[in-house]
Amino acid sequence: MDDVKDGIKYGFQTDNIWTVCVSGSGHGAMETSVCNLIEAGDKVMVCVNGLWGERFSDMADRHGANLSKIDKPMGTVFSLEEIEKGLQDNQPEIMFITHGESSGTTVQQLQGLGQLCHRYNCILIVDSVAAMGGVPLFMDQWEIDVLYTGAQKVLSAPPGVSPISFSNRARQKVENRKTKVRSYYFDMKELANYWGCDNEPRRYHHTGLISSVYALREGFARLAEVGLEQSWTTHTQCMQQLHAGIGDLGLELFVKEKSARLPCVTGIVVPEDIHWKDVSDYAMKNYRVEISGGLGAQAGKIWRIGLMGYNCTDSNVTLVLRALSEALDHVRNK
């Protein structure tokens, strides 16, 4: 557990005391951020440009938040100016934004966002499930208050345990709550003790997912061996190779703005003469390559190709492009 904590601190680039692992998928980490920070009536602003902003909004509403949203279409990201206007108009105590929006295949630039939120006395929560380890991320330097990720993306471990970290500012809000955290399972004060983040003897909290913690330890060990900078570079290089190949096939990338394209997940517009699942089925049957469809508003409209962690290699890019090319020819000529 201590090794995993060190791995989280390295991956997140943080020295936060409250750095733990939730026994649950990325949704469990999201719910942990919601139930610990939000009390009934708290003003919460959610930046929505895909499925995960909508999911956080649902959770926040269930916990009695005074909820406001700022919206952008899937495939686009927020500017600091748009976020500042939202902060001015809504005056939230808490703001949520998605770093790697896997449904819209976008990466949100975070530099300056923490400082901006703190100017407006607002706590910043960031979902980096689909981005951490694949793109630059500096929790402390960028003044992110709550950050979480999943085990099954760049860390290449099985899903089921999720790293999360709370800044001192976020920790103080939890410790100064007027009401008890509604979830015992996700109570950060209990989890912090369980993970050895205070000076008290560790108490039994729940039966830990032991095998999953060992697997996550290996995922962080691999990331440390590769090095964050090299991991970021590899993901960018494979993304560029994939995007060039997609262009050679005459296909269109879903995200138009280059700087907003998430290296870990690439969206491709499905041509009008093609049914997306016919291509995906061919790739799976003949190459054992899974090409996902769209989620939410983009269901049936885009393909999504993931290149993350151990899976992010130039040989896999070559393989998926070959599968995609043959699948398109097969579907069009059958």
Side-chain angles (χ1 to χ4, degrees), residues 27 29-131 137-148 166-174 176-179 182 255-257 259-260 262 295-298:
H27 279 85
M30 180 183 284
E31 191 111 43
T32 299
S33 69
V34 170
C35 70
N36 280 275
L37 286 174
I38 297 175
E39 296 187 82
D42 281 353
K43 290 185 176 181
V44 178
M45 186 177 83
V46 182
C47 302
V48 180
N49 63 337
L51 186 66
W52 309 120
E54 291 289 359
R55 193 64 52 86
F56 187 94
S57 299
D58 188 346
M59 290 185 185
D61 183 60
R62 290 168 187 246
H63 281 77
N66 181 353
L67 191 63
S68 59
K69 300 180 188 178
I70 58 174
D71 295 275
K72 295 277 286 188
M74 290 176 72
T76 62
V77 294
F78 295 89
S79 68
L80 283 176
E81 290 75 21
E82 289 168 334
I83 293 170
E84 182 164 21
K85 186 176 187 306
L87 293 170
Q88 291 171 341
D89 292 346
N90 298 295
Q91 299 182 347
E93 301 161 67
I94 297 164
M95 191 191 92
F96 170 88
I97 199 163
T98 310
H99 186 204
E101 179 46 83
S102 56
S103 68
T105 67
T106 51
V107 61
Q108 175 68 48
Q109 300 305 311
L110 299 175
Q111 296 93 320
L113 190 50
Q115 292 89 338
L116 176 63
C117 285
H118 294 158
R119 282 211 307 270
Y120 288 87
N121 296 314
C122 178
I123 285 176
L124 173 62
I125 302 173
V126 172
D127 178 320
S128 193
V129 170
L137 178 61
F138 301 93
M139 183 176 187
D140 291 355
Q141 182 181 330
W142 292 348
E143 297 185 22
I144 298 167
D145 292 302
V146 177
L147 178 67
Y148 61 85
F166 279 56
S167 71
N168 288 335
R169 184 189 298 259
R171 178 167 58 86
Q172 287 167 9
K173 188 176 192 317
V174 177
N176 293 326
R177 286 176 60 99
K178 301 180 184 68
T179 59
R182 292 188 177 185
V255 179
K256 307 309 178 201
E257 185 182 345
S259 64
L262 176 62
L295 292 172
Q298 296 306 316

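If you're wondering where the values come from, they're calculated on a predicted model, not measured in any experiment. All residue numbers in this chain count up from 1 along the given sequence.
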- Message: Does atom CZ (R177) have a neighbourhood of more than 12 heavy atoms from anything else shown, all under 6.0 Å?
- Response: yes
- E143 and R169: CA distance, side-chain angles, deciding distance, salt bridge (Lys or Arg N to Asp or Glu O under 4.0 Å) verdict: CA-CA 10 Å; E143 297 185 22; R169 184 189 298 259; 5.3 Å; no
- What distance do I97 atom CD1 and I125 atom CD1 have between them, rounded to the nearest 0.5 Å? 12.0 Å
- Minimal non-hydrogen separation, E257 against S259, with atom names: OE2-OG, 2.9 Å
- Value for CG (L147) from OG (S167), rounded to nearest 0.5 Å, stands at 10.5 Å
- Closest non-hydrogen atoms of G53 and E101, given as atom of the first, atom of the second and distance, are N-OE1, 4.1 Å
- Message: Working note: I70 + F78, criterion side-chain contact (heavy atoms from CB on, under 4.5 Å); need CA distance, chi angles, decisive distance, verdict.
- Response: CA-CA 9 Å; I70 58 174; F78 295 89; 3.7 Å; yes
- Task: Find out whether D145 and K173 are in side-chain contact, i.e. whether some heavy atom of one side chain is under 4.5 Å from a heavy atom of the other.
- Result: no
- Task: May I ask you to test the R55-E31 pair for a side-chain heavy-atom distance under 4.5 Å?
- Result: no
- Task: For residues R171 and N168, report the shortest heavy-atom separation together with the two atoms involved.
- Result: NH2-OD1, 3.0 Å
- Message: What's the separation between atom CG in L116 and atom CE in M95, rounded to the nearest 0.5 Å?
- Response: 7.5 Å
- Query: If every non-hydrogen atom of A130 is compared with every non-hydrogen atom of G100, which pair is closest and at what distance?
  - Reply: CB-O, 3.6 Å
- Query: Is there a side-chain contact between I144 and L137, using heavy atoms and a 4.5 Å cut-off?
  - Reply: yes
- Item | From CD1 (I123) to CZ (F166), nearest 0.5 Å | 9.0 Å
- Message: Could you check whether Q108 and T106, counting side-chain N and O atoms only, form a donor-acceptor pair closer than 3.5 Å?
- Response: no
- G75 versus V255, closest heavy-atom pair with distance: O-CG1, 3.5 Å
- Task: Might you point out which heavy atoms bring P92 and C122 nearest each other, and give the distance in Å?
- Result: O-CB, 3.6 Å
- Message: Below 30° counts as parallel, above 60° as perpendicular, anything between as tilted: where do the rings of H27 and W52 land?
- Response: perpendicular
- Item | Flag side-chain contact, heavy atom, 4.5 Å: Q91 against K43 | yes
- salt bridge (Lys or Arg N to Asp or Glu O under 4.0 Å) partners of D127, counting only residues at least two apart: none
- Message: List the residues meeting salt bridge (Lys or Arg N to Asp or Glu O under 4.0 Å) with R182, not counting sequence neighbours, and say none if there are none.
- Response: none
- Close side-chain approach of Y120 and E84, heavy atoms under 4.5 Å: yes
- Query: Do V174 and L37 have side chains that get closer than 4.5 Å, going by heavy atoms?
  - Reply: yes
- Message: side-chain contact (heavy atoms from CB on, under 4.5 Å) for C35 and H63? Distances and angles first, verdict last.
- Response: CA-CA 7 Å; C35 70; H63 281 77; 3.3 Å; yes
- Item | Rounded distance [0.5 Å steps], NE2 in H99 versus CD in Q109 | 7.0 Å
- Query: Listed by chain and number, what are the salt bridge (Lys or Arg N to Asp or Glu O under 4.0 Å) partners of K178, not counting sequence neighbours?
  - Reply: none
- So do S102 and V129 actually touch side chain to side chain, heavy atoms under 4.5 Å? no
- Query: Would you say V44 and F96 make side-chain contact, with heavy atoms under 4.5 Å?
  - Reply: no
- Task: With rounding to the nearest 0.5 Å, note down the distance linking CG in N90 to NZ in K69.
- Result: 12.5 Å
